[in-house]
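Chain letters run A, B, ... following the sequence lines, proteins first, then strands; residues in each count from 1. Only heavy atoms go into these numbers, but all of them, side chains included; no hydrogens, no water, no symmetry mates.
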Amino acid sequence: MKRTKIVNLLQSKTPIDHVLIKGWVRTRRDSKSFSFIEVNDGSCLKNIQIISDNTLENYKNITSLSTGSAVSVSGKLAESQGSGQKWELIAETVEILSVAPETYPLQKKRHTDEFLRTIAHLRPRTNKYGATFRIRSELSYAIHKFFRDKGFKYIHSPVITGSDCEGAGEMFRVTTLALDNLPFKDGKTDFAEDFFGKEVNLTVSGQLSAEMFALALGDVYTFGPTFRAEDSHTSRHVAEFWMVEPEMAFCDLKGNMNLAEEMIKFLTGFVLEECKEDIELFAKYVDKKLIKTLDNVATSDFKRLPYTSAVEILKKSGKKFEYDIEFGKDLQTEHERYLTEQHFKKPLIVYDYPTTIKPFYMRLNDDHQTVAAMDVLVPRIGEIIGGSQREERLEVLENRMDEMDLPKENYWWYLDSRRFGSVEHSGFGLGFERLLMLITGISNIRDVIPFPRTPSSIEF
RNA sequence: UCCCCAGUAGCUCAGUUGGCAGAGCAGAUGGCUGUUAACCAUCUUGUCCGCGGUUCGAGUCCGUGCUGGGGAGCCA
């Protein structure tokens with residue numbers, strides 16, 4: 001007989017004479033003549049309650065089933081006589097697939113997130129992490145659905161890159177050279193002998209690839225792993241994370257902001273609708289205000305504010321900040337949080353940032369003081385999206401590169417896109433894990449990614 | 001990289017002025033019960049993070065290292 005997933009079984013409208021389920025024991029409660037076994041198979045948050053009567057031939061073994069053990073149970077789905085659940089499974093056979101000894105680290109109680117990080121290989125077996133990674137899966141699907149419904153094409157941007165013009169942070173070196181015996185030439189490592197014949201890194205952004213494809217396919221997006229070798233020790237940074245990067249031809253900054261807002265609203269609404277049960281767990285145990293926050297994100301219009309106005313508001317706020325704010329200085333975390341959490345109390349898009357604090361590829365505004373950049377800031381997380389309209393004018397782009405002392409010859413293919421049929425285009429990067437933090441209320445990014453990579457931590 | 005906090009039983013944590021190492025949970029055993037992280041009784045469990053120092057005596061004080069966490073910067 002084919003096994004039925006518990007998620008489907010619990011949705012049954014009628015009793016079923018004969019079903020088979022397989023899963024892991026969460027807890028067992030013995031009664032006089034039978035034993036209650038709670039079994040979870042990961043298909044949903046809820047367990048199925050198994051009634052195993054003491055007339056079963058292996059009943060003695062059944063009563064020694066410990067948390068974490070694996071079982072295969074066949075029997076009859078019947079309405080429960082107890083009050084905690086609609087259905088229960090009256091067992092005809094309980095096959096013990098594997099017994100977890102008492103050294104099994106997960107107990108029938110709450111563990112701290114810090115402890116569960118040390119057993120990241122087992123934590124998806126808990127309610128909270130099971131729910132987290134089911135939501136992560138649904139959210140990934142929702143991203144593809146959102147873009148596909150809008151006619152965007154999915155681009156697989158490379159993970160290994162020889163491009164040194166991504167410029168979004170410190171990079172991880174990729175090499176096949178023997179590190180204990182490096183070839184030298186003129187006192188420097190001779191990368192001509194390396195696999196690709198030049199210095200190569202893991203990607204920090206798929207943007208430049210996405211731009212090339214937007215200028216061919218129109219609307220595109222990337223969704224893949226991204227690597228930053230920053231020595232960051234915060235609850236919002238990991239060395240390997242997933243980023244969503246749409247890029248649109250014939251689109252200006254306003255269209256870019258529209259897409260960002262529409263996307264966050266869609267994704268939030270999607271999860272609220274499709275992952276109700278799992279979201280309720282977070283609303284109950286992780287963040288009591290979660291539903292209110294998510295409704296606010298999904299329904300209220302995002303405030304749009306030019307950088308200069310943001311600076312004015314901060315100056316007039318009368319609030320004492322650790323860092324002073326004035327035109328030309330980047331907004332600090334404390335400034336961003338004040339604006340989104342206290343002043344506007346909703347998501348906020350700050351745009352038109354000073355030229356001096358933004359990268360070369362952002363489009364120069366007519367005031368020559370600012371570029372067409374935009375950041376989406378949300379309560380609790382801060383920056384969740386960073387994007388811009390790209391500089392499509394070859395001459396302006398080259399001037400900016402000169403100002404910033406960037407070697408143009410290395411960017412020949414990027415500049416080609418501005419030589420041949422250049423058009424206005426825009427895009428942004430969304431931190432997938434940060435969105436998950438927003439949606440689940442989980443406060444540490446290490447807890448929304450299966451096996452987090454942070455400085456000096458890569459056990460799994 | 002900088003600032004702050006923590007590290008004691010399998011887990012969560014208490015440990016007073018420097019004076020015999022503790023509780024709850026988990027586990028084991030027995031009991032009770034259509035139970036809901038069941039309940040009741042009994043029992044087991046220690047490199048007090050490592051190294052060095054002060055002291056008659058250090059879980060406790062000092063130095064140092066490691067690990068974890070929070071914040072800053074950088075960013076997504």
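Listed candidates were U35(B), G70(B), A72(B). Nearest to the side chain of Gln332(A) is A72(B). Closest to the Phe34(A) side chain, of the nucleotides G68(B), G34(B), A72(B), is G34(B).
Scanning atom types as modelled, one donor and one acceptor separated by under 3.5 angstrom connect the side chain of Glu88(A) and the base of G34(B). With hydrogens and angles ignored, no donor-acceptor pair under 3.5 angstrom links the side chain of Glu230(A) to the base of G73(B). A donor N or O paired with an acceptor N or O is found under 3.5 Å between the base of A76(B) and the side-chain atoms of Arg228(A). Arg110(A) contributes no side-chain N or O that forms a donor-acceptor pair with the base of C25(B) under 3.5 Å. Side chain Ser235(A) to base G71(B): no donor-acceptor pair is found below 3.5 Å. Put simply, the side chain of Gln85(A) and the base of U35(B) share a donor and an acceptor less than 3.5 Å apart. Taking only distance into account, the side chain of His237(A) meets the base of C75(B) through a donor-acceptor pair shorter than 3.5 Å.
In terms of phosphate contacts, Lys108(A) brings a side-chain nitrogen or oxygen within less than 4.0 Å of OP1 or OP2 of A38(B). Under 4.0 angstrom from either OP1 or OP2 of A38(B) there lies at least one side-chain N or O belonging to Arg29(A). Taking only side-chain nitrogens and oxygens, Arg236(A) never comes nearer than 4.0 Å to OP1 or OP2 of G71(B). Taking only side-chain nitrogens and oxygens, Thr112(A) comes nearer than 4.0 Å to OP1 or OP2 of U12(B). Between Asn444(A) and G70(B), a side-chain N or O to OP1/OP2 separation shorter than 4.0 Å is present. Regarding contacts with the backbone of U36(B), every side-chain N or O of Ser83(A) stays at 4.0 angstrom or more from both OP1 and OP2.
In this structure, Leu116(A) places its CG atom 17 Å from P of G10(B), rounding to the nearest Å. Atom-to-atom, CD of Glu383(A) to P of C74(B) comes out at 11 Å; the value is rounded to the nearest Å. Atom CZ in Phe36(A) sits roughly 13 Å away from atom P in A37(B) (whole-Å rounding). Between the CG atom of Asn40(A) and the P atom of A37(B) there is a distance of 15 Å, given to the nearest Å. Ile381(A) places its CD1 atom 18 Å from the P atom of C75(B), with the value rounded to the nearest Å. Atoms CD (Glu334(A)) and C1' (G70(B)) sit 16 Å apart, rounded to a whole Å. Rounded to a whole Å, the CZ atom of Arg28(A) is 12 Å from the C1' atom of G27(B).
Across U12(B) and A26(B), the matching C1' atoms stand 11 Å from one another, rounded to whole Å.
Under the 4.5 Å side-chain criterion, counting only non-hydrogen atoms from C-beta, Met263(A) is in contact with Phe428(A). Residues Arg136(A) and Thr440(A) fail the side-chain proximity criterion, which asks for heavy atoms closer than 4.5 Å. The closest side-chain heavy-atom distance from Phe282(A) to Thr132(A) is below 4.5 Å.
In this structure, Gly431(A) reaches the sugar-phosphate backbone alone: every heavy-atom distance under 4.0 Å involves primed, P, OP1 or OP2 atoms, never a base. Counting non-hydrogen atoms under 4.0 angstrom, Glu114(A) reaches the backbone sugars and phosphates but no base. Across all strands shown, Ile51(A) has heavy atoms under 4.0 Å from base atoms, whether or not it also approaches the sugar-phosphate.
Taking the six-membered ring where the residue is Trp, the centroids of Phe270(A) and Phe146(A) are separated by 6.0 Å or more. With ring centers used as reference points, Tyr411(A) lies under 6.0 Å from Phe360(A).
Ion pairing of Asp252(A) with Arg363(A) is absent here, as no side-chain N (NZ or NE/NH1/NH2) approaches a carboxylate O to less than 4.0 Å.
Of the nucleotides present, G50(B) is the one that pairs with U64(B) by Watson-Crick or G-U wobble criteria, both distances under 3.5 Å. Under the Watson-Crick and G-U wobble criteria, each requiring two contacts below 3.5 Å, nucleotide U36(B) is left unpaired. Summarising the base pairing, A76(B) is matched to no nucleotide, lacking a Watson-Crick or G-U wobble pair whose two defining distances lie under 3.5 Å. In this structure, C2(B) and G71(B) make a Watson-Crick or G-U wobble pair, each of the two defining distances being under 3.5 angstrom. Shown here, U16(B) forms no base pair; nothing in the strands shown gives a Watson-Crick or G-U wobble contact with both key distances under 3.5 Å. The nucleotide U42(B) finds its pairing partner in A28(B), both defining distances of the Watson-Crick or G-U wobble pair being shorter than 3.5 Å.
Stacking between Phe241(A) and A76(B) is shown: the ring centroid lies under 5.5 Å from the centre of the six-membered base ring, and the planes differ by under 30°.
A side-chain hydrogen bond (donor to acceptor under 3.5 Å, both in side chains) with Glu38(A) is found for exactly one of Arg29(A), Lys46(A), Gln85(A), Arg28(A), namely Arg29(A).
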